[in-house]
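Below is one structure; the comments refer to it alone.
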Amino acid sequence: MDPSAVISLLLVGLARAMILFIVSAGLTFVLGVLRVPNVAHGSLYMIGAFVAFTIATAFGQSSAGFWFALILAPLVVAAVALIIERGLLSHLYQREHLMLILFTFGLMLILNDLVKLIWGAEYRSVTPPEILDGAVTLFGFNIPRYSLFLLFVGPLVAVGLWFLSNKTRLGKIARAASVDREMVGVLGINVSWVFAAAFVIGCALAGLGGALVAPTTSISLGMDLTIIIESFLIVIIGGLGNTWGALIGSILFGVSQSLGLLFFPQFAIAFPYAVVVIVLLLRPRGLLRSAW
Amino acid sequence: MLEVQDIHTYYGLSHILFGVSLRVERGEVVCLLGRNGAGKTTTMRSIMGLTPPRRGTITFKGQTTAGVPPYLLARRGIAYVPDDRRIFADLTVGENLEIAARHANQKAEWDKARVFELFPVLQEKQARKGGHLSGGEQKMLAMARALMTNPEFILLDEPMEGLAPLLVRALEEQILKLKQAGLTVLLAEQAVNSALRVSDRGYVIDDGHIRFAASINELRENQEIRSKYLLV
Ligand SMILES: Nc1ncnc2c1ncn2[C@@H]1O[C@H](COP(=O)(O)OP(=O)(O)OP(=O)(O)O)[C@@H](O)[C@H]1O
Ligand SMILES: [Mg+2]
């Protein structure tokens with residue numbers, strides 16, 4: 001096998017892992033701070049992709065259209081998340097986890113129908129902007145420009161999240177609230193708004209993931225299911241609520257997917273799941289420290 | 001400043017406080033004495049709005065606290081230092097203090113510099129994770145954190161518990177300094193002698209009932225009360 005082809009494939013896997021990371025980072029953030037396992041997270045990713053399609057199409061699928069979509073789609077998803085949180089979820093925090101799973105599962109079904117209603121069942125696509133189209137040769141490896149772009153955005157989001165959690169007041173309060181929300185309230189902080197902000201930020205990341213994936217795939221109903229399963233697995237192997245865990249988990253998942261394609265094409269789909277099983281056998285609570 | 005009238009507080013179905021009444025005037029240090037399980041913490045949780053009473057009334061600065069969530073009571077000027085400290089273990093000492101700081105409108109009397117004056121150990125350990133402090137240091141951090149909210153009235157739940165004798169002395173000094181700074185204190189304690197040294201008045205609670213309310217001198221001298229309810 002041509003080694004440079006292998007490396008190219010790995011880089012592409014790593015790039016896909018960046019999208020997985022962005023989505024799972026949002027999921028794990030909500031899980032860590034609010035203790036809500038948001039099953040509808042994948043639906044918000046799907047909505048992000050469809051909204052990106054609508055915006056890009058409004059601009060005639062031009063380069064500018066892509067950039068607008070990339071910025072606006074997460075904001076639209078954030079708005080949807082705010083409505084969900086204020087209208088419904090904020091009344092349910094006291095309930096046990098099973099209730100929350102059932103609630104967000106119901107939400108997933110509703111959002112799915114909503115998407116079907118608005119965008120229909122056809123496949124949609126977004127054209128990547130010109131400067132990210134095609135491939136470049138770097139150090140002798142052939143790699144799609146869009147993959148390079150993803151490899152740039154992923155770490156950017158990781159750093160952004162680190163900054164948010166460690167350097168901003170909201171982030172510090174969110175970290176405190178994730179362990180002891182009652183005590184945070186005692187300090188005069190309205191935890192309810194902190195939770196709303198955390199939920200909106202987490203969901204906006206799903207929207208960003210959806211917008212980023214849009215040019216690389218056909219946007220369709222059902223993409224919510226694949227991503228929610230993958231990102232829950234990633235969050236679990238990374239350690240619940242741990243952003244860096246989500247990063248490591250995503251890389252493990254994305255790269256093992258590429259390796260599977262390369263070496264065991266007939267088991268390609270199952271390969272990353274086998275990796276998950278092995279990780280969990282060795283470290284049942286995840287690779288990094290779980291917030292739970 | 002605080003008036004608790006005939007409150008009944010429950011945890012789920014268990015009835016814990018049976019008509020507790022007490023009052024604390026501005027500028028006083030009042031102790032609430034009682035042994036394990038007497039209802040001291042429950043009284044404080046009731047005042048802070050964490051476990052609101054089902055019956056009875058609590059008024060703070062002339063306003064009822066019924067239906068007011070804890071974060072708003074905190075903004076009205078009540079602070080609570082729980083007996084188990086509840087430090088945010090993942091946050092540094094500095095961060096524990098920062099998130100408690102309230103910048104809005106009022107003249108912030110307490111800031112980091114001022115709490116470090118009161119608890120100098122914390123300054124040296126500012127960058128240390130809260131979870132890596134010793135028990136005594138965590139107690140100080142819990143008090144410092146409460147002060148950062150600029151309270152007028154502070155609920156101290158068994159601050160002396162588990163402290164080495166030397167630290168107990170230091171803490172007594174610190175409580176007196178809080179009083180000098182104009183704070184009003186309700187102090188729940190089992191360490192009767194320490195509590196009596198810093199308080200102006202006291203209540204004795206047992207089994208969810210206030211059994212006795214008296215001046216410090218009376219509490220010191222009444223052996224019957226002390227042996228019956230306080231085991232000293
Ligand atoms: N969460 C709870 N659920 C049910 N019962 C509780 C709960 N917390 C405390 N109790 C009960 O309420 C009673 C009073 O407890 P409380 O914590 O107020 O006592 P305390 O005076 O603070 O005691 P200690 O000195 O041990 O802190 C005890 O009998 C205790 O078992
Ligand atoms: Mg107690």
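We name chains A, B, ... by the order of the sequence lines, and we start the count at 1 in each one. Everything numeric in this text was worked out from a predicted model, so none of it was measured.
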**Complete:** Closest non-hydrogen contact found for A:V186 with B:Y80 is CG1-CB, 3.9 Å
**Item:** Exceeds 12 heavy-atom contacts within 6.0 angstrom, atom CZ of B:R114
**Value:** yes
**Fill in**
When the 4.5 angstrom heavy-atom criterion is applied to B:P82 and chain A, the contacting part is side chain
**Prompt:** At their closest point, which heavy atom of B:R86 faces which heavy atom of A:D180, and how far apart are they?
**Reply:** NE-OD2, 2.6 Å
**Message:** Can you tell me which portion of B:A79 sits under 4.5 Å from chain A's heavy atoms? Options are side chain, backbone, both or neither.
**Reply:** neither
**Message:** Surrounding CZ of B:R201 (heavy atoms of other residues, nucleotides or ligands, distance under 6.0 Å), is the total greater than 12?
**Reply:** yes
**Message:** Minimum heavy-atom separation for B:A74 and A:L187, please, with both atom names.
**Reply:** CB-C, 4.1 Å
**Request:** List the atom of B:Y71, the atom of A:I189, and the distance in Å for their closest heavy-atom pair.
**Result:** CB-O, 3.3 Å
**Request:** Identify the heavy atoms of A:E182 and B:L50 that sit nearest to each other, and give their distance.
**Result:** CG-CD2, 3.3 Å
**Request:** Please indicate whether B:R54 has more than 12 foreign heavy atoms, meaning atoms of other residues, nucleotides or ligands, lying under 6.0 Å from its CZ.
**Result:** yes
**Item:** Contact class of A:V184 relative to chain B, heavy atoms under 4.5 angstrom
**Value:** both
**Message:** Which atoms of B:R76 are under 4.5 Å from chain A, going by heavy atoms: the side chain, the backbone, both sets, or neither?
**Reply:** neither
**Request:** Give, for atom CD1 of A:I173 and atom CD of B:E98, the distance between the pair rounded to the nearest 0.5 Å.
**Result:** 10.5 Å
**Message:** Minimum heavy-atom separation for A:R175 and B:D90, please, with both atom names.
**Reply:** NH2-O, 3.3 Å
**Asked** In Å and rounded to the nearest 0.5 Å, what is the CG to CD1 distance from A:L170 to B:I99?
**Response** 11.0 Å
**Message:** Would you say CZ of A:F149 has more than 12 non-hydrogen atoms from neighbouring residues, nucleotides or ligands within 6.0 angstrom?
**Reply:** yes
